[in-house]
Amino acid sequence: MGDPFGNGPEISVKALSDPGLYDRCRPVVIGDSAVMEYSAEILKILTGMAIKIRNIRSVEEALYEYGTIDLLDMGLIRREDIPVRPEDRSPFHAGATRIGGEASFRYVEKLIELAMSGEVDATVTNAISKEAINMAGHRFSGHTEIYAHYTHTPKYSMMLAHENLRVIHVSTHVSLREACDAVKKDRVLDVIRMADSACRQIGIEKPKIAVAGLNPHCGENGMFGTEEIEEIQPAIDLALEEGIDIPDGRPSAPDTVFSKAAGGWYDIVVVMYHDQGHIPLKVKGFVYDKAQCCWEAVAGINVTLGLPVIRVSVDHGTGYGHAGNGEANALSLQNAMDYAIRMSLAGQREA
């Protein structure tokens, strides 16, 4: 469900109001009944659609019937904790809170438990607040790190995708100074391998991979930095020896590689740090309608690779200040569920 005071509950209701979804998967929501019922009431006011929330105590109790959302109710948020009433149709304006951080952390913890025990085939996460979960005493920098910790995964990476543009990160939630230090041969090679595996997981038989440089113009032969020479190129050479297809055979210039990838030159781009990958994906997937003063599209997904379970997420934040009035865009969540289904089916075929 994501942060209870963010956009996750309402886009969960919106996404699960698609009857076609129930032909492709059996969805269960982990969260709190009070907030999900609030969101269902908002949707009814806006559209007249009556979606029911059915509380369950275990996955085995789910019925998977369109029109009724099966909710594993954690009982952490009460109705009186919600700052407004549905008929007000005003945003929560709650922001990051300790109670919201604790609840959202517990939802993720439960989700991982279900996946690790084999009770669910894939997990999809709505946005949480890093600030809120830290306010609640959980020292993690995001979903990726929580999943890695609870699944005991030492090597993992974040992949973002929107349509045919995909990126996978050497480092994510660290300072820019730390990100430069993280560009090491062994780590770059691990991420190249994960990029190749991820593409195959979603049905790309012969993935073409680009590896972005760290420095402007890939360092200009050492004039602007030597990471390309000392760390990135040796990783590429080893990957090529393993049969991984890196068409350029060398680091690709960061200022042109994403246009080429979007044009079909590559299936995925290995990027060196958080914003190098996030910015092009969000420029492509997030579309703001200036005339209507609203987001026309908030698309794209986030996958944690290297885990023993499937985890796909929305590629946007909690939307504090705008959440709670029923106007959040569910497209990214729909994309995430589609990816999770796709990866789950691919895994079942391989098994």
Side-chain angles (χ1 to χ4, degrees), residues 144 155-200 202 204-287 299-303 305-306 315:
T144 301
K155 295 181 180 180
Y156 56 90
S157 186
M158 177 189 297
M159 181 181 81
L160 303 183
H162 176 58
E163 296 177 348
N164 64 332
L165 182 59
R166 303 174 192 88
V167 301
I168 181 172
H169 300 68
V170 168
S171 69
T172 49
H173 298 129
V174 297
S175 73
L176 192 52
R177 290 184 185 277
E178 292 176 280
C180 293
D181 293 337
V183 179
K184 299 298 182 186
K185 180 190 72 175
D186 290 347
R187 173 61 179 168
V188 175
L189 178 58
D190 283 339
V191 176
I192 293 172
R193 289 168 174 159
M194 282 187 269
D196 183 69
S197 175
C199 288
R200 294 177 189 277
I202 58 173
I204 301 171
E205 293 183 5
K206 298 179 180 179
K208 300 187 297 295
I209 300 170
V211 182
L214 172 68
N215 299 296
H217 308 292
C218 289
E220 288 277 10
N221 294 317
M223 289 179 62
F224 309 141
T226 59
E227 286 85 358
E228 286 78 10
I229 298 169
E230 297 172 357
E231 306 293 346
I232 302 175
Q233 187 64 55
I236 291 174
D237 292 341
L238 290 170
L240 290 170
E241 290 176 12
E242 294 177 8
I244 296 174
D245 187 4
I246 304 174
D248 294 344
R250 61 183 184 275
S252 301
D255 56 355
T256 58
V257 70
F258 302 107
S259 296
K260 292 177 179 178
W265 289 34
Y266 316 108
D267 296 302
I268 192 167
V269 181
V270 173
V271 299
M272 295 300 120
Y273 57 94
H274 184 281
D275 283 10
Q276 189 181 57
H278 277 62
I279 290 172
L281 257 294
K282 292 190 176 184
V283 167
K284 183 175 174 66
F286 289 21
V287 181
I301 57 93
N302 176 338
V303 183
L305 300 175
D315 188 25

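The shortest non-hydrogen separation linking Val170 to Ala182 is CG1-O, 3.8 Å. Here the closest heavy-atom approach between residue Leu165 and residue Ala262 is recorded as CD1-N, 4.0 Å. The two residues Leu281 and Ala161 have their closest heavy-atom pair at CD1-C, 3.6 Å. Across all their heavy atoms, Gly213 and Ile232 have their closest contact at CA-CD1, 4.2 Å. Heavy-atom minimum distance, Glu228 versus Pro234: O-CD, 4.3 Å. Ile244 and Leu240 make their closest contact through O-CD2, 3.6 Å (heavy atoms, listed as atom of the first residue, atom of the second, distance).
Here the side chains of Met158 and Asn302 are in contact, with some heavy-atom distance below 4.5 Å. At least one side-chain heavy atom of Val167 sits under 4.5 Å from a side-chain heavy atom of Phe258. Between Tyr156 and Thr144 there is a side-chain heavy-atom pair separated by less than 4.5 Å. No side-chain heavy atom of Val270 sits under 4.5 Å from any side-chain heavy atom of Met194.
Between the side chain of Gln276 and the main chain of Met272, a donor-acceptor pair closer than 3.5 Å is present.
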Donor-acceptor contacts under 3.5 Å from residues 216-226 side chains, at least two apart:
unit_1	atom_1	unit_2	atom_2	d
Thr226	OG1	Glu230	OE1	3.4
Thr226	OG1	Glu230	OE2	3.3

Practice item. Show your working on side chain to side chain contact (heavy atoms under 4.5 Å, CB included) between Ile209 and Asp245 and close with a plain yes or no. Key: CA-CA 6 Å; Ile209 300 170; Asp245 187 4; over 6 Å; no
Fill in: Candidate pair Tyr273 and Leu214, rule side chain to side chain contact (heavy atoms under 4.5 Å, CB included), full reasoning
CA-CA 8 Å; Tyr273 57 94; Leu214 172 68; 3.9 Å; yes
Output, in order, the C-alpha distance, side-chain angles, deciding distance and verdict of side chain to side chain contact (heavy atoms under 4.5 Å, CB included) for Val269 and Ile168. CA-CA 6 Å; Val269 181; Ile168 181 172; over 6 Å; no
Apply side chain to side chain contact (heavy atoms under 4.5 Å, CB included) to the pair Ile192 and Asp196, showing each step before the final yes or no. CA-CA 6 Å; Ile192 293 172; Asp196 183 69; 5.8 Å; no
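Rounding to the nearest 0.5 angstrom, the gap separating the CD atom in Glu242 from the CG atom in Asp237 is 11.5 Å. Distance check: Arg187 CZ to Ser171 OG gives 8.0 Å after rounding to the nearest 0.5 Å. Distance check, rounded to the nearest 0.5 Å: CD1 of Ile236 to NZ of Lys185 gives 13.0 Å. Rounding to the nearest 0.5 Å places CD1 of Ile301 at 9.0 Å from CZ of Arg166. Rounded to the nearest 0.5 angstrom, Ile268 CD1 and Ile204 CD1 are separated by 8.0 Å. Here Leu176 contributes atom CG and Asp275 contributes atom CG; the two are 8.0 Å apart, rounded to the nearest 0.5 Å.
Residue pairs that meet the ring-ring contact (aromatic ring centres under 6.0 Å, His included) test with at least one member in residues 166-186, sequence neighbours left out, are His169-His278, His173-His274. The stretch residues 258-271 participates, sequence neighbours left out, in these side-chain hydrogen bond (donor to acceptor under 3.5 Å, both in side chains) pairs: Asp248-Tyr266.
A salt bridge is absent between Arg177 and Asp181: the closest approach of a Lys/Arg side-chain nitrogen to an acidic carboxylate oxygen does not fall below 4.0 angstrom. Classification of Glu163 and Lys284 as a salt-bridged pair holds, one side-chain N sitting under 4.0 Å from a carboxylate O. Between Lys155 and Asp190, at least one side-chain N (NZ, or NE/NH1/NH2) sits under 4.0 Å from a carboxylate O, which counts as a salt bridge.
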